[in-house]
Amino acid sequence: PVSHSLKLFVMMGSSASISKTKKFTKEQLSLVASSLLDLFKFERYADVNGTVSFDDLINIFASKTDVFLTHDWGTSHVNHQRVAKINAALKKRGIRTWFDEEQMDEDIKSKMTSGIDNSTLVIVCITEEYMSKVSGSNAEDNCRLEFGYASRRKSVNMMLPVVMEPKMRDTSNWIGQVGLVLGGSLYVDFSRDDIFDSAVDELFNRIIKHIGTPINTAIDNIDWSLLEDGSNSSSSSRTSPSSSFIAPSPPTALFQQMAICDKAITDAIFKWFMQELKIVDRVAKKYTAMLLDADVGSIDKLQKKLKRNRQFLTELGFHEDDVEDILNKLLPDDPKKEPNTSGSSKINKIVASTGPVRTYSNSAVFSGHTSSIFGIVLLPDGHVATAGQDHSIRIWDVDTRQCVRILAGHTNSVVGIQLLRDGSLLSGGLDRMVRVWNLLSGLVLQSFTGHMDSVFTVLELPERTGDSQSSGLVMSGSADRTLKIWRRSSGMCVTTLIGHTDGVQFAMVLQDGNVISASWDRTMRLWNPASGECLRVLNDHTGEVLHVSQLTDGRIVSASMDATIKLFDPESMTCRRTLVGHTINARWTTQLDSTHICSGSKDKTLRIWNLDTGVTEQTLTGHTDYVRCVLYLSDGRILSGSDDKTMRIWY
């Protein structure tokens, strides 16, 4: 089946007024599709003038795939069915695959060789039968032909082994050609059906590590308007059916048919953005593609989506100014929400207070996690997300206390979570992975690998005015004693901050743009994220520092395994007050108002503190184990997560 992204590639070329005979130099293509240039040898397809036509490009990219899956069918086709399931899961994640069931015709050998040549990575699905076929005496066996050709055409680094049987988990059982070529490679384990989902996640991350940007994603990012025919074409040529782009004859005839089928839908949405909202051509194309990917095929359907969830477009990644204009246009009578000035879609307002806070006399339980809850974060639509030791992130409706979605992908405990400015969710866990999630689809958008030990904390760095290099940066802190800065556009680590002598438990961005980290080495460190320089070391605690936060007045609050909470002056960074009351680890703090905070502790309690007096005004009991995280809601309620497997709401 032809990918939706490739269909958009064709239609966006059409809407950008690019003639099918339009020719591009390598330098021109590098402006809009540099990542795709890596997929083919430009010179092989270029004419004597060193150019390739748009028509040729469509045929070239139509033949390219990210991965080629080689496997044996097995007794009664059982193994083939299991590999087909892997193939379907990869395609669902946006990986373009070559799979024999979808590709074979009469010319089998030609299909196999071109499939391998046009794929970036070869996935080798290993069974005992597959190894036997590869090393067998039948020179015409397809498994033998595929493996032999792949091992000659691809380096071992571009062949990824996948184990399909328990016996094959021991690589000493890999014999013959498979053992010779892949015996030293790290495999992905698909030997048990009960680990399928986590195995797919690991396989996807390994694929991305090998290939970089998937083809479909690279196609989505092309802005053909930068290469429009423009002033070289008359207005009549732009509208003439004979000169405008038309998908060529087979094998791309299917794309033409798909483009015609979707043209009315695409044009209606595209024109609405252009005419009703005056959104520029390039952005209107992008928004149209995003809505089609989200299965929103009309403006009426978009209006219904927004009535149910006003944050829908924010979650998709629309610019906040455009979101406001669209809401005003489609939902003119709806009450307006507070303007967002914080970088996240919903604000927990901190109000001034001169007296005691409300009395919290009741609590209710959220049940669903099967183990400890390590983190809570507020989402744009008013739901909250929790990070669990059960390897999951759960999304909750606060009012009904029901879990409405589960994000599954981490292969060990999820510890750190953070909402990003574009509405996606950042997470880190004991599997050493940092992941970005689409909250709408529940899918992993991106994964970062590089830490040598568990990841405990994740955060987004602010963009610095006038510094384009500061855009799209996230940070993670790990038990490997480092903090790493990652660039989302490339997926690469750009800076590693070294200084802590033990694991980094927590980190956050301060109001001045610097980062403060808390560590098991009993210190906090102040960092300049632009230079990676450590500006200050605070060693006031006598136990491991577990959490750090900043009050609206700028003061720094830290919580430690020495059972104390300390307040620091933001200018001098000296400790001004120590709060004593918890009997063991003070784990987390959240601000309630200008003079009160709430803390959670291993002593199973939450405490509400008066910062002016240093006195505990209330102690909240109900949890039966370690209280790991606390979140204050703008309506005055408090959420807490615990090792007792529950989240509680206090009111």
Side-chain angles (χ1 to χ4, degrees), residues 36-45 59-74 77 79-84 86-88 90-91 95-165 168 171 173-188 190 203-204 206-212 214-215 251:
L36 290 174
L37 281 175
D38 296 334
L39 297 176
F40 70 101
K41 295 185 183 299
F42 183 89
E43 293 74 18
R44 175 181 172 187
Y45 297 93
N59 283 291
I60 292 168
F61 295 144
S63 67
K64 299 296 180 181
T65 59
D66 296 308
V67 299
F68 179 103
L69 292 99
T70 174
H71 68 291
D72 71 285
W73 282 52
H77 298 175
N79 190 58
H80 175 72
Q81 293 167 7
R82 296 179 70 226
V83 177
I86 296 173
N87 176 63
L90 292 177
K91 290 169 67 175
I95 299 297
R96 200 187 288 185
T97 65
W98 193 102
F99 184 56
D100 58 7
E101 183 178 286
E102 302 167 346
Q103 302 286 347
M104 290 300 194
D105 58 19
E106 292 80 7
D107 192 358
I108 294 177
K109 290 181 181 178
S110 176
K111 282 285 188 177
M112 287 192 305
T113 55
S114 64
I116 292 169
D117 287 338
N118 287 317
S119 293
T120 306
L121 180 71
V122 175
I123 295 177
V124 183
C125 302
I126 300 177
T127 63
E128 192 168 17
E129 178 66 16
Y130 182 85
M131 287 192 306
S132 177
K133 285 175 172 288
V134 168
S135 297
S137 58
N138 182 3
E140 296 299 311
D141 184 88
N142 289 343
C143 293
R144 176 174 171 173
L145 292 171
E146 287 175 353
F147 187 86
Y149 189 73
S151 60
R152 290 191 297 273
R153 295 289 292 168
K154 309 289 183 185
S155 70
V156 67
N157 291 330
M158 299 311 290
M159 297 178 69
L160 178 57
V162 166
V163 167
M164 303 300 295
E165 297 172 341
M168 294 298 103
T171 56
N173 291 324
W174 296 9
I175 59 173
Q177 292 296 313
V178 172
L180 177 67
V181 176
L182 298 176
S185 302
L186 184 65
Y187 63 79
V188 180
F190 275 89
L203 179 59
F204 175 78
R206 293 277 299 279
I207 290 171
I208 296 301
K209 186 175 181 180
H210 279 81
I211 71 172
I215 296 170

Side chains of H71 and N87 in contact at under 4.5 Å (non-hydrogen atoms): no
All ring pair (Phe, Tyr, Trp, His ring centres under 6.0 Å) counterparts of H210, not counting sequence neighbours: none
Please confirm whether the backbone N or O of I116 pairs with a side-chain atom of R153, one donor and one acceptor, at under 3.5 Å? no
Given 3.5 Å as the limit, does a donor-acceptor pair link the side chain of K154 with the main chain of S119, or not? yes
Any donor-acceptor N or O pair under 3.5 Å, side chains T127, N79: no
Counting C-beta onward and ignoring hydrogens, is there a side-chain heavy-atom pair between D117 and Y149 closer than 4.5 Å? yes
Strictly distance-based, threshold 3.5 Å: is any side-chain N or O of K64 a donor or acceptor partner for the main-chain N or O of R96? no
D72/K133 ion pair, N-O < 4.0 Å: no
So OG1 of T70 and CZ of F147: to nearest 0.5 Å the spacing works out to 8.5 Å
Taking the side chain as everything from C-beta on, heavy atoms only, tell me whether T65 gets closer than 4.5 Å to T97. no
Would you say N138 and R144 make side-chain contact, with heavy atoms under 4.5 Å? no
Would you say that W98 contacts K111 through its side chain, given a criterion of any heavy-atom pair below 4.5 Å between the two side chains? yes
Validation: residues 174-186 side-chain donor-acceptor distances under 3.5 Å, sequence neighbours left out:
residue	atom	partner	partner atom	Å
W174	NE1	M168	O	2.8

Any pair with a residue in residues 155-165 that passes salt bridge (charged side-chain N to carboxylate O under 4.0 Å, His left out), sequence neighbours left out, goes on the list, sorted by first then second residue, please. none
Would you say S132's side chain and E128's backbone share a donor-acceptor pair under 3.5 angstrom? no
